[in-house]
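The block underneath contains the structure these notes are about, expressed in structure tokens.
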Amino acid sequence: MRDIAKEAGVSVATVSRYINKNGYVSEASKEKIEKIVKQSNYTPNELARAIFSKNSKMIGLIVPNISNPYFNELALIIEEYVSEHGYSVFLCNTNDDPQKEEEYIKILQGYRVAGIFTVRAQCREAYKRFNVPVVSFENVISDDITTVVINNYKGGEQAFNHLFESGCKKLLHISGLDFSQAVRDRYRGFTDRAHEEGITVDIIRFASDFHRKMLEKNSEVLDNIESYDGIFVFNDIAAATVIRYAKQQNIQIPDDVQVIGFDNSYIGEFLYPSLTTIEQCVQEVGNTMAETLIQLMQGEKQLEKVLMIEPKLLVRESTKAKQVKEVP
Ligand code: XLF
């Protein structure tokens, strides 16, 4: 700024007012400054600005791993939304490792971010210590931090109802990481409804939902899937591996086994057969998270602490369409 001021023959304060858009600058000075700014390719030091004005334009986005298609779509939607409001996103992949998550929270603190989005958070205390607005997807951090969540229990019930109505009686639920509240609620919704109908459900668990070698990592737990006629998988990317495994083993979907996932992430439509799923609408989740964090950063205090979004069944080819009874 000093160099620009010198070259334009104005004071540093005038250049600062021009760049920060916070005060009067005469048309003549504006023109001179603008020309030099363009020529010198000047960009403001955002970090210094954030520290001095306590008004950072950077937001942290902590996700397990964007190679899960649901999370990469969520990141995209959030980034698009906040950038329209002048913010940039600092992306942090934790691989569901609490130590990495804690390190990222410290890094974000160092960068003086204005707020944090966090997905499947585990380090509750670290968020509470860092005094900026936080919006959490799925895991509840504390009573004062807003959580956006799908009604996962109801989604689990919907998955059961659909398989049951499609004639399945021998059921398997492939569940995921136990620290995820969402995954546990899907499990409970599914098995509670099954028990009401007097049906037992076998359970196996995947240890992750984002590794490239997920099929290889999980194939031994899938050994026995041809003995079931209906499988509810805790998310779509894990369901994709089940569909691939079934194809390799010559098991026909949906004729031998019907499969339903959870998410409605975009891979579901690319699979063959395409995946029936319980939608947790990523557009609605992303917009709700972004809108809420922006309101919090603008000082809004009276917001709901839990924002619950409804799940929805989407029937595709991996389950048999419900038989419509002939009316005599
Ligand atoms: O954390 C849960 C499990 O995986 C999340 O909502 C997801 O369904 C995303 O794929």
Side-chain angles (χ1 to χ4, degrees), residues 61-78 91-98 100-101 117-124 135-141 147-159 173-190 203-212 214-215 217-218 231-244 259-271 275-289 306-314 318:
L61 170 57
I62 303 182
V63 289
N65 191 304
I66 54 159
S67 57
N68 174 330
Y70 190 81
F71 298 139
N72 72 43
E73 224 176 334
L74 183 64
L76 187 72
I77 290 164
I78 286 179
L91 178 65
C92 313
N93 289 284
T94 64
N95 293 335
D96 283 325
D97 173 354
K100 233 178 145 197
E101 185 179 343
F117 296 107
T118 182
V119 175
R120 225 154 69 182
Q122 299 182 76
C123 302
R124 292 178 171 77
V135 171
S136 170
F137 178 52
E138 295 188 338
N139 284 359
V140 174
I141 294 177
T147 312
V148 176
V149 68
I150 300 293
N151 188 339
N152 287 289
Y153 185 87
K154 186 169 166 190
E157 291 182 316
Q158 289 173 335
H173 175 41
I174 300 181
S175 190
L177 299 154
D178 200 38
F179 71 82
S180 160
Q181 181 71 49
V183 167
R184 288 206 304 269
D185 288 349
R186 289 169 201 176
Y187 174 116
R188 283 197 307 115
F190 188 77
I203 309 289
I204 57 176
R205 219 172 258 290
F206 276 11
S208 94
D209 58 8
F210 49 77
H211 288 116
R212 273 169 165 268
M214 198 157 69
L215 181 60
K217 276 186 190 297
N218 291 308
I231 304 178
F232 168 41
V233 192
F234 75 103
N235 73 10
D236 283 359
I237 185 71
T241 69
V242 174
I243 287 187
R244 184 169 167 79
V259 177
I260 181 166
F262 203 109
D263 281 345
N264 189 26
S265 63
Y266 58 86
I267 47 146
E269 279 170 292
F270 297 157
L271 296 170
L275 182 65
T276 293
T277 193
I278 303 296
E279 177 181 49
Q280 48 171 349
C281 178
V282 68
Q283 191 72 50
E284 199 178 342
V285 170
N287 287 351
T288 308
M289 289 176 75
V306 178
L307 299 167
M308 176 87 82
I309 294 172
E310 288 304 306
K312 189 174 148 208
L313 169 70
L314 289 179
S318 65

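Treat the numbers as computed from the prediction; the structure is a model and nothing was measured. Whatever order the structure lists them in is the order used to number ligands and atoms, beginning at 1.
At a heavy-atom cutoff of 4.0 Å, ligand 1 is surrounded by N68, Y70, F71, R120, E138, S180, V183, R186, D209, N235, D263, Q280.
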Query raised in the report: Would T147 and I141 satisfy side chain to side chain contact (heavy atoms under 4.5 Å, CB included), going step by step from the backbone distance to the final call?
Result: CA-CA 8 Å; T147 312; I141 294 177; over 6 Å; no
Report task. Using the side chain to side chain contact (heavy atoms under 4.5 Å, CB included) rule, take L313 and T276 through it: C-alpha gap first, then chi angles, then the decisive distance, then the call. Result -> CA-CA 8 Å; L313 169 70; T276 293; 4.1 Å; yes
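Contacts of N65 classified as side-chain contact (heavy atoms from CB on, under 4.5 Å), with partners at least two apart in sequence or in another chain: S67, N93, N95, F210. Considering only residues two or more places apart in sequence or on other chains, I77 meets the side-chain contact (heavy atoms from CB on, under 4.5 Å) condition with V282, Q283, N287. For L177, the side-chain contact (heavy atoms from CB on, under 4.5 Å) partners are D96, R120, F179, not counting sequence neighbours.
Taking the six-membered ring where tryptophan is involved, the planes of H173 and F232 are essentially parallel, since the angle between them stays under 30° and well short of 60°.
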